[in-house]
Protein chains: 2
Amino acid sequence: MRKIPEPTVLRLSTYRRCLEDFKAQTNLPFVSSNELGRLAHRNAAIVRKDLSYFGEYGVPGKGYSVDHLLKHILRIMNLRREHRAVLVGAGNLGRALLGYPGFKKLGFRVVAAFDNDPRKVGRKIGEVAIFPVSKLKSEVERKKPAFGLITVPAAAAQESANLLVEAGVRAIINFAPARVWVPPRIVLRNVDLTRELEVASYYLG
Amino acid sequence: MRKIPEPTVLRLSTYRRCLEDFKAQTNLPFVSSNELGRLAHRNAAIVRKDLSYFGEYGVPGKGYSVDHLLKHILRIMNLRREHRAVLVGAGNLGRALLGYPGFKKLGFRVVAAFDNDPRKVGRKIGEVAIFPVSKLKSEVERKKPAFGLITVPAAAAQESANLLVEAGVRAIINFAPARVWVPPRIVLRNVDLTRELEVASYYLG
């Protein structure tokens, strides 16, 4: 199971979204690789290859069972249980993330936010309390979130990562526009908000 | 030039970032495909293949000229000139985007923001004025931005896309957690803020 290549993992997340849209819009029980490929902007051969990694081959003449495939992808992606997360940086981006509907639906629950701004500390974003960064270690040790989300300015990104690693998170999602370095045992994913603008710039030509 | 595959285009954007970091940190004039691959978390063969698409083969025993390669990637990605953009949705995500440092550095300039909230209209985010959505068409026709950035709630995403397309933008970057449909002539890129959390969830296993 560990052997699914990263581009396939990324596409599984796309297929999940497409399957949910397909189900909501058509309520059909089966989807063909052609149709799923069309929705995901990929060709059908790639769809079939990706799904075959975890033993999904579809029913000849019918395609894939939508419900079964959705459940299987959620299981593969480890998304069928609650994931606790903490947020470092309670600025606009942190707030935007906390308001993002997909977040909760996928089982992610932010259990604490941290910020150095004394005007923010003690307040809440929705239901999430904002603590001073000095409390990060004790709160993480107490609430045991697996995920740390970094939404601080670039200059504070590495320090935030260090604090999260020392406190014991297992995965870091870095939204700050700066590279951070973490020990190899930590799952690190960088989110770059401007990348798709660059890609669009290429295609505008 | 149109034939560079999309995964390569995405990696070019990664290489650009890595080259800028490499230059800032080492100030060395050359970088090997091994080193660039290490920085980009890709193997050296993929780096060489990607760069060969646009005729970059490196100097045997030295590697690639950092400055030359950076300039070449910026040219390929069409990033050596100003790109005007408008922002639909002046909430947390819109504000976060406007504050994102990479934005300006890559040549993107937001020339107007639009929102339906009368408390926001007439105010500014940094130097960007917030107009009512009813002014979108006339402002876009006047300022001729190529890019429309959608940072509204899911329910308003399609309507925002329709307005942008009618007003004449050529590319849409959709940050809203909803799919939108646009005519094939429009370059559409979707940004999903939760995707990397899903990928991390997979790797946590």
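The chains referred to below are lettered A, B, ... by the order of the sequence lines, with proteins before strands, and numbering in each begins at 1. Atoms considered below: every heavy atom in the structure, side chains included; atoms not considered: hydrogens, waters and symmetry mates.
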| message | Strictly less than 4.5 Å between heavy atoms, which residues of residues 190-200 of chain B line up against chain A? Please order them by number. | response |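 Checking residues 190-200 of chain B against chain A gives B:Asn190, B:Val191, B:Asp192, B:Leu193, B:Thr194, B:Arg195, B:Glu196, B:Leu197, B:Glu198, B:Val199, B:Ala200.
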| said: Non-hydrogen contacts under 4.5 angstrom with chain A: give the residues of residues 141-154 of chain B involved, or none if there are none. | reply: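 Checking residues 141-154 of chain B against chain A gives B:Ala146, B:Phe147, B:Leu149.
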| query | Heavy-atom distance under 4.5 Å between the side chains of A:Arg17 and B:Arg179, does that happen here? | reply |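 Touching, per the 4.5 Å side-chain cut-off.
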| message | Do A:Pro177 and B:Phe103 make a side-chain contact, defined as non-hydrogen atoms from C-beta onward lying under 4.5 Å apart? | response |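 They are not in side-chain contact.
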| query | Which of residues 39-50 of chain A get closer than 4.5 angstrom to chain B, counting heavy atoms alone? | reply |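 So the qualifying residues are A:Leu39, A:Arg42.
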Given the options [options], which has more heavy-atom pairs under 4.5 Å with chain A than any of the others?
options: B:Leu188, B:Leu10, B:Leu93; answer: B:Leu10
options: B:Leu97, B:Thr14, B:Ile172; answer: B:Thr14
options: B:Gly94, B:Ala96, B:Gly99; answer: B:Ala96

| said: Tell me every residue that passes salt bridge (charged side-chain N to carboxylate O under 4.0 Å, His left out) with A:Lys23, counting only those two or more places apart in sequence or in another chain. | reply: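 A:Lys23 satisfies salt bridge (charged side-chain N to carboxylate O under 4.0 Å, His left out) with A:Asp67 once adjacent residues are dropped.
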| said: Quick check against the 3.5 Å criterion: does A:Asn78 have a side-chain atom that pairs as donor or acceptor with the backbone of B:Tyr202? | reply: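 Flag not set: sc A:Asn78 to bb B:Tyr202 has no pair under 3.5 Å.
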Which atoms form the tightest heavy-atom contact between [X] and [Y], and what is the distance?
X: A:His83; Y: B:Ser201; answer: NE2-OG, 3.0 Å
X: B:Arg170; Y: A:Leu204; answer: NH2-O, 3.2 Å
X: B:Phe175; Y: A:Tyr100; answer: O-OH, 3.3 Å

Around atom [atom1] of [X], are there more than 12 heavy atoms of other residues, nucleotides or ligands at under 6.0 Å?
X: B:Glu159; atom1: CD; answer: no
X: A:Glu127; atom1: CD; answer: no
X: A:Glu20; atom1: CD; answer: yes

| said: For A:Ala176, which atoms come within 4.5 Å of any heavy atom of chain B: side chain, backbone, both, or neither? | reply: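 The answer is the backbone of A:Ala176.
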| With a 4.5 angstrom heavy-atom cut-off, which part of B:Leu79 approaches chain A: side chain, backbone, both or neither? |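 Backbone plus side chain of B:Leu79, per the 4.5 Å heavy-atom cut-off to chain A.
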